[in-house]
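I have placed the structure first, in the form of structure tokens, so that the comments after it can refer back to it.
Indexing begins at 1, ligand by ligand and atom by atom, following the structure's order.
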Amino acid sequence: MILNFIDGQYREGRAGQTFDNINPVDGSLIAKVSAAGREDVDDAVRAAREALNGPWASLKLAQRCDLLYAVAAEIDRRADDFLAAEIADTGKPHALASHLDIPRGAANFRVFADAVRNVATEAFTWHAPDGKPALNYALRRPKGVVAVVCPWNLPLLLMTWKVGPALACGNTVVVKPSEETPATAALLGEVMNAVGIPKGVYNVVHGFGPDSAGEFLTTHPGIDAITFTGETQTGAAIIRASAGGIKPVSMELGGKNPAIVFADADLGVTLAGLTRSVFENTGQVCLGTERVYVQRPVYEAVVQRLADAARRLQPGRPDAPGTTFGPLISATHQRKVLDYYELARQEGGTAVVGGGVPDMPAELRSGFWIEPTVWTGLSHQSRTAREEIFGPCCAVIPFDTEPEALAMANDTAYGLAASVYTRDLDRAHRVSAALRVGVTWVNTWFLRDLRTAFGGSGASGIGREGGVHSLEFYTELSNICIKLHGAEA
Ligand code: NAD
């Protein structure tokens, strides 16, 4: 049984309710998960409040940062356990989880410990109207008890992306991992205890969204801030439900991210980038590309080479040699993606490759498999080309001129990420500056320096996290103004 982690202890929910944790590779039951009810969420928030005002507050900054380094080291030391848990929950290939998810889970603690150690705050001196000087300086205080609500696509990575900076800034947290992927958040409790993080600093409550742990947590009066990653509609529901409490919110939401390929692009670099951005993690990456605009002279070449790349992907068990492609997370999500595959056909799209469910060996047929898919013939206005699918698929659409490509790329409610492929430096700068997104990659994709700002505009989110931007969200800035009466005018 996967348990809640409250006040440094693993606990079953008081109501004794459980739900199933399913392995997406073959549909088998991994474990039962203990659901947290309102009372359990109350306990977790209370424990977080006591730790906030008690043992966590009494640590010096350097001690807190050293502890976060110890958390990172312990994640590294137990990387195999984290890998096994993450892979069982998500079905993602071992190579991907060991390269991306788990190392980033550890890095998120180191990066923000360093950031908080090195950040300066502002200071001003000026002369008041009576001619005497006044000194203003700012102090950073923790926001308090932070609710961290997470999705299933990069469970440890995205959860620690919030827990790392929140703890570095002196907050305490109550985490609600996705109901699909509860394991690594629960396992992190063992790490916290092993390295001596005071009890109550890190808490985990399991459950679903509405009328379950997610809603109980985000509407709880004892919460001081909410940081959320997930779907845009869920973000809107959380903002609505928490509005009465006037909570600061950080929202990392959905996307329908474009890639623009110009005729002068290095096609090797372009295809390497597109293959990752369309298919990595079975397309279940918020930054993933689902719209590819290609300048007409290279359109056919890009379509064919991307389709070839899709054909080379090898679905299979995560630890089988050669596996490069995992299943979708759940039967529900598989149904959603297949419905979009059907819609694409109705909207006039042609699947150059894929378009259905692959023929898997008998023992994997109950898993949530999907074919990587490349469509042509879809209009930029089609729903398939406008709505977030969150699957391993893209619509490839030709264009002739740079303004035309930019107009299509920006014609969306979302604004998370974009990629631009060109060898023309002027064009790279010009197009990047004109794209209305939080992150633009040129001749690459998902290359993250964790000190940089990350987040979306429009329906893709509110706020920026990363480096000092995370510190802005996870701290309350207090300005102190000192009048120096004794000084000479
Ligand atoms: P989701 O919105 O369905 O669920 C996210 C979390 O919210 C889960 O823990 C869920 O239980 C909880 N939740 C659901 N309803 C709730 C409610 N009413 N109140 C409180 N909590 C609630 O998202 P998902 O399907 O887990 O993840 C996929 C989505 O996440 C995609 O839209 C993707 O683009 C987005 N995403 C965004 C980023 C980013 O950084 N912008 C990163 C990863 C994923």
(message) What protein heavy atom lies closest to atom 19 (N) of ligand 1? Include the residue and the distance to one decimal.
(response) Ile238 CG1, 3.6 Å
(request) Applying ring-ring contact (aromatic ring centres under 6.0 Å, His included), run through Tyr202 and Trp56 and close with a yes or a no. (result) CA-CA 11 Å; Tyr202 173 80; Trp56 198 228; over 10 Å; no
(message) Distance under 4.0 Å to a non-hydrogen atom of Phe454: what atoms of ligand 1 satisfy this?
(response) 40 (O)
(request) Taking all heavy atoms of Lys176 and all of His206, pick out the closest pair and write down the distance. (result) CD-C, 4.5 Å
(request) For atom 25 (O) of ligand 1, grab the closest protein heavy atom and report residue, atom and distance to one decimal in Å. (result) Trp152 NE1, 2.9 Å
(request) Have a look at ligand 1 and work out which part of Leu416, if any, has a heavy atom under 4.0 Å from it: side chain, backbone, both or neither. (result) side chain
(request) With heavy atoms under 4.0 Å as the rule, classify the contact between Glu388 and ligand 1 as side chain, backbone, both or neither. (result) side chain
(message) I'd like to know if the side chain of Asn153 reaches the main chain of Gln284, judged simply by a donor and an acceptor atom lying under 3.5 Å from each other, with no hydrogens or angles considered.
(response) yes
(message) Strictly inside 4.0 angstrom of atom 4 (O) of ligand 1, do you find any protein heavy atom?
(response) no
(message) To check your reading of the model: name the closest protein heavy atom to atom 12 (C) of ligand 1, its residue, and the distance in Å.
(response) Val149 CG1, 3.7 Å
(message) Check the orientation of Phe390 and His333. Use parallel for under 30°, tilted for 30 to 60°, and perpendicular for over 60°.
(response) perpendicular
(message) Main chain of Trp445, side chain of Arg276: is a donor-acceptor contact present, judged purely on distance under 3.5 Å?
(response) yes
(message) I'd like to know if the side chain of Asp449 reaches the main chain of Arg451, judged simply by a donor and an acceptor atom lying under 3.5 Å from each other, with no hydrogens or angles considered.
(response) yes
(message) Can you confirm, on distance only, whether ligand 1 has an N/O atom lying under 3.5 Å from any N/O atom belonging to Ser460?
(response) no
(message) Starting from atom 6 (C) of ligand 1, what is the nearest protein heavy atom, named by residue and atom, and what distance separates them?
(response) Cys150 O, 3.3 Å
(request) Dump the intermediate steps for ring-ring contact (aromatic ring centres under 6.0 Å, His included) on Phe5 and Tyr10, then the final yes or no. (result) CA-CA 5 Å; Phe5 183 72; Tyr10 285 97; 4.8 Å; yes
(request) List the closest protein heavy-atom neighbour of atom 28 (C) of ligand 1: residue, atom name, distance to the nearest 0.1 Å. (result) Phe390 CE2, 3.5 Å
(message) I'd like to know if the side chain of Arg104 reaches the main chain of Leu157, judged simply by a donor and an acceptor atom lying under 3.5 Å from each other, with no hydrogens or angles considered.
(response) no
(request) Please confirm whether Leu253 comes within less than 3.5 Å of ligand 1 when only nitrogen or oxygen atoms on both sides are compared. (result) yes
(request) Would you mind finding which of Gly254, Ala236, Gly214 brings a heavy atom closest to atom 20 (C) of ligand 1? (result) Gly214
(request) Heavy-atom contacts with Ser178 under 4.0 Å: which atoms of ligand 1 show up? List them by number with element. (result) 9 (O)
(message) If we ignore hydrogens and angles and just use 3.5 Å, is the side chain of Ser460 paired with the main-chain N or O of Gly415 as donor and acceptor?
(response) yes
(request) Among all protein heavy atoms, pick out the one at the shortest distance from atom 16 (C) of ligand 1; state its residue, atom name and that distance to 0.1 Å. (result) Gly209 CA, 3.3 Å
(message) Check contact between Gly235 and ligand 1, using heavy atoms of the residue and a distance below 4.0 angstrom.
(response) no
(message) I'd like to know if the side chain of Asn171 reaches the main chain of Tyr474, judged simply by a donor and an acceptor atom lying under 3.5 Å from each other, with no hydrogens or angles considered.
(response) yes
(message) Can you tell whether the side chains of Lys247 and Asp224 come within less than 4.0 Å, N to carboxylate O?
(response) no
(request) Find all atoms of ligand 1 within a distance of less than 4.0 Å from any non-hydrogen atom belonging to Pro177, and give their numbers and elements. (result) 9 (O)
(request) Please determine if Thr229 has a nitrogen or oxygen closer than 3.5 Å to a nitrogen or oxygen of ligand 1. (result) no
(request) Would you check whether Thr232 has a nitrogen or oxygen atom less than 3.5 angstrom from a nitrogen or oxygen atom of ligand 1? (result) no
(message) Out of all atoms in ligand 1, which are within 4.0 Å of some heavy atom of Leu158? Include the element for each.
(response) 42 (C), 43 (C)
(request) Under 4.0 Å, heavy atoms only, figure out whether ligand 1 is touched by the backbone of Gln284, its side chain, both or neither. (result) neither
(message) Donor-acceptor pair, distance only, cut-off 3.5 Å: does the side chain of Asn443 make one with the backbone of Thr422?
(response) yes
(request) May I ask you to check whether Trp375 and Tyr340 place their ring centres under 6.0 Å from each other? (result) no
(request) Starting from atom 2 (O) of ligand 1, find the nearest protein heavy-atom neighbour and note its residue, name and distance. (result) Thr234 OG1, 2.6 Å
(request) Indicate yes or no: does an N/O atom of Asn153 lie under 3.5 Å from an N/O atom of ligand 1? (result) no
(request) Mark up the atoms of ligand 1 that fall under 4.0 Å of a heavy atom belonging to Thr218, in ascending order. (result) 20 (C)
(request) Note the single closest protein heavy atom to atom 42 (C) of ligand 1, along with its residue, its atom name and the distance in Å. (result) Cys286 SG, 2.9 Å
(message) Among Val25, Asp26, Thr282, exactly one meets side chain to side chain contact (heavy atoms under 4.5 Å, CB included) together with Trp369. Which residue is that?
(response) Val25
